[in-house]
Amino acid sequence: MTHPLKILIVAAEATPFIKTGGLADVAQALPGALHRQGHDVRLALPCYGSIPASLKGTQRGTLFVNLDGTTQYGAWRETRLPDVDVPVYLIENDHYFWRDHPYSVNGYEYVDNLDRFCFFSRGVLDAVAQTGWRPDVVHGNDWHTAPLITYLNTHLANHTFWRGMPTVYTIHNLGYQGCYPKNLLPRTGLGWDLFHPDCLEFYGELNLMKGAIAFATKINTVSRTYAREIQTPAYGLGLDGFLRTRKKDLTGIKNGIDYSLWNPQTDPHITANYSPDKLAGKQRCKRAVQDLADLPHRKDVPLFAIVTRLVWEKGIDLIVEAMDSFLRKGAQLVALGSGDPHLEVALETAGARWPDQVSVILGYDEPLAHSIYAGADFFIMPSRSEPCGLTQMYSLAYGAIPIVRRTGGLADTVTDLTPANLAKGLATGLVFRPATAEALTRATHRALRLYEDLKTLTAMRRAGMREDLSWERASAEYVALYNDAIDATKKRYAATVDPAKW
Ligand code: ADP
Ligand code: GLC
């Protein structure tokens, strides 16, 4: 092992404290994997009202955060990631965080998200300084922690504790940049001197993510393909040009999956455990999902599934358009999701036309998600963009063959069924390119044919289940990135310190 590092990871969500999507799985699994490799890693999260009391640990100190001339009071607590000896700092402020959902209510963003995540960012830095534990590197994730990277490089650039801190900033989704009207800038505590196109200004608005992209020592995203895509106008959402200015410092590290939680051989949420060599349990899991979804027990037709946030980015409208065609052939579909109210209605309405073949379950249900990956024959994911995607990886691990659009992490994790890939034992899924209902329909028809070919189907299930998708590889890549950030910071300081003065 390289020498042990002290790493502070900061995120807006982490399993099992609070989860809305894949970020939570990453913020739980990456610290665990780094800890197993001998690093001293600690995690910081907001202390949301919905975090179970048993996970909240003990209050350790108070916080006085003054960003815009008024002091906001808070506190910080210390707890542990369950089953792993990783300290977790929870930043408390009941006014900001005593809410059930971390970001929104009924699909609408809280109006004070800017204040909430600026308070969080600054509160983390004050809390960690109080512990006296100085990390070697600070790792921020997504727009919620972008202000933290900016504070380290402005307010705290000459702070005795934080001065010269190397930073890594991970973009899990460029679709959420933290954009606000420019007149809100004073509420962040940051100065107008930063409001220019090379920092916080974005088409006349305030863009918090831009600040982190400008200041972070190293930037990464969650797959190689997405790291490339976001530097192009088609995927850059207005930031492609700015990201290209940091091209040398921008990499992609594909996420992993945590096999202690996502393994059909041991998963306590599923009806029968199974493995690539003993697949019989998967049939029982299919029956169990058909029961849960109120669908008839049918072995002879494939069960398609989706488990997702219902947002445009995920191509839900394409599924709505394509479903009639494969349902007409007798297939079944189970859909678990929540999100955009319009997409919820569209999915439910389309599903209602096929009461004996489709079950749409609106809501968020973690155990049910496990049962669906286990019971499904195929998992549909026609994302318009997908930074990494964990659900297709869970599907691979559970032998549900993913049907994906070739983009971002989907392109990097699923290998298409072609004669050559099949012969080499590499084929794990069905991949299509255009973001259209026609292309998705063709892919689902390939799935229907594949379902008739038991030998190929089983070979593909096994190939997916046997793939090593563990965090060990990804966490080693993060360690290399942390070390790069540390070395780059040392070099920068060596260049700015005049030896003649010493
Ligand atoms: P994203 O982070 O963009 O939502 P990912 O594929 O990275 O996509 O991760 C999604 C995570 O959220 C997975 O762990 C998936 O199982 C879970 N998930 C999404 N929607 C639901 C739901 N409705 N119920 C339970 N789990 C869900
Ligand atoms: C984001 C992305 C998803 C990724 C997850 C974890 O939510 O949308 O693709 O897997 O972050 O990195």
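Sequence positions, counted from 1, serve as the residue numbers for this chain. When a ligand or atom number is given, it counts from 1 through the structure's own listing order.
Between Ala369 and ligand 1, a contact under 3.5 Å exists for no N or O pair. Ligand 1 has no nitrogen or oxygen under 3.5 angstrom from a nitrogen or oxygen of Thr20. Close N/O approach between Val222 and ligand 2 is not found [any backbone or side-chain N/O within under 3.5 Å]. Checked by distance only, ligand 2 and His172 come closer than 3.5 Å through their nitrogen or oxygen atoms. At least one N or O atom of Glu386 sits closer than 3.5 Å to an N or O atom of ligand 2.
Taking only non-hydrogen atoms, the option from Gly363, Pro367, Gly22 nearest to atom 9 (O) of ligand 1 is Gly22. Between atom 19 (C) of ligand 1 and the options Ile257, Thr308, Leu336, Leu261, the minimum heavy-atom separation is to Thr308. Looking at Tyr373, Tyr364, Tyr394 and measuring to atom 26 (N) of ligand 1, the nearest heavy atom belongs to Tyr364. Of the options Gly21, Ala24, Gly389, the smallest heavy-atom separation from atom 4 (C) of ligand 2 is shown by Gly389. The nearest non-hydrogen atom to atom 1 (P) of ligand 1, considering only Glu366, Lys314, Lys19, comes from Lys314.
The main-chain N or O of Ala272 is never found under 3.5 Å from a side-chain atom of Arg284 such that the two would form a donor-acceptor pair. A donor-acceptor pair is defined here as one N or O able to donate and one able to accept, closer than 3.5 Å; no such pair exists between the side chain of Thr167 and the backbone of Val138.
Ion pairing between Arg406 and Asp412 fails under the 4.0 Å rule for side-chain N and carboxylate O. One finds a salt bridge joining Arg244 and Asp240 here, because a Lys/Arg side-chain nitrogen approaches an Asp/Glu carboxylate oxygen to under 4.0 Å.
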Open item on the list: ring-ring contact (aromatic ring centres under 6.0 Å, His included) for Tyr176 and His144? Distances and angles first, verdict last.
Closed with: CA-CA 9 Å; Tyr176 305 88; His144 321 94; 8.1 Å; no
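Residue-ligand proximity, Val26 to ligand 2, at heavy-atom distances under 4.0 Å covers atoms 6 (C), 12 (O). Near Asp365, the atoms of ligand 1 lying under 4.0 angstrom from a non-hydrogen atom of the residue are 24 (N), 25 (C). Within ligand 2, counting atoms from 1 as listed, the ones closer than 4.0 Å to a heavy atom of Pro387 are 2 (C), 8 (O), 9 (O). Taking a cut-off of under 4.0 Å to the non-hydrogen atoms of Arg309, the atoms of ligand 1 that pass are 1 (P), 3 (O), 4 (O), 20 (N). Close approach of ligand 1 to Gly389 is summarised as follows: ligand atoms under 4.0 Å from at least one heavy atom of the residue are 6 (O), 7 (O).
Neither the backbone nor the side chain of Asp25 has a heavy atom within less than 4.0 Å of ligand 2. The part of Asp25 lying near ligand 1 is the side chain, judged by heavy-atom distances below 4.0 Å.
Using a 3.5 Å distance cut-off with no hydrogens or angles, the side chains of Glu109 and Ser104 do not pair a donor with an acceptor. Side-chain contact check for His172 and Asn141: at least one donor-acceptor pair (N or O, by modelled atom type) lies under 3.5 Å. A side-chain donor from one of Thr20 and Glu13 sits under 3.5 Å from a side-chain acceptor of the other. No side-chain donor-acceptor contact under 3.5 Å links Ser338 and Glu344.
Under the 4.0 angstrom criterion for non-hydrogen atoms, Cys388 is not in contact with ligand 1.
Phe242 carries Lys210 over the face of its six-membered ring, with the cationic atom under 6.0 Å from the centre and within 45° of the normal.
Considering only non-hydrogen protein atoms, atom 7 (O) of ligand 1 sits nearest to Leu390 N, 3.2 Å. Of all protein heavy atoms, the one lying nearest to atom 8 (O) of ligand 2 is Asn173 ND2, 3.3 Å.
Between Tyr259 and Ser470, the closest side-chain pair of non-hydrogen atoms falls below 4.5 Å.
Relative ring orientation between Tyr478 and Tyr482 is described as tilted, the plane-to-plane angle lying within the 30° to 60° band.
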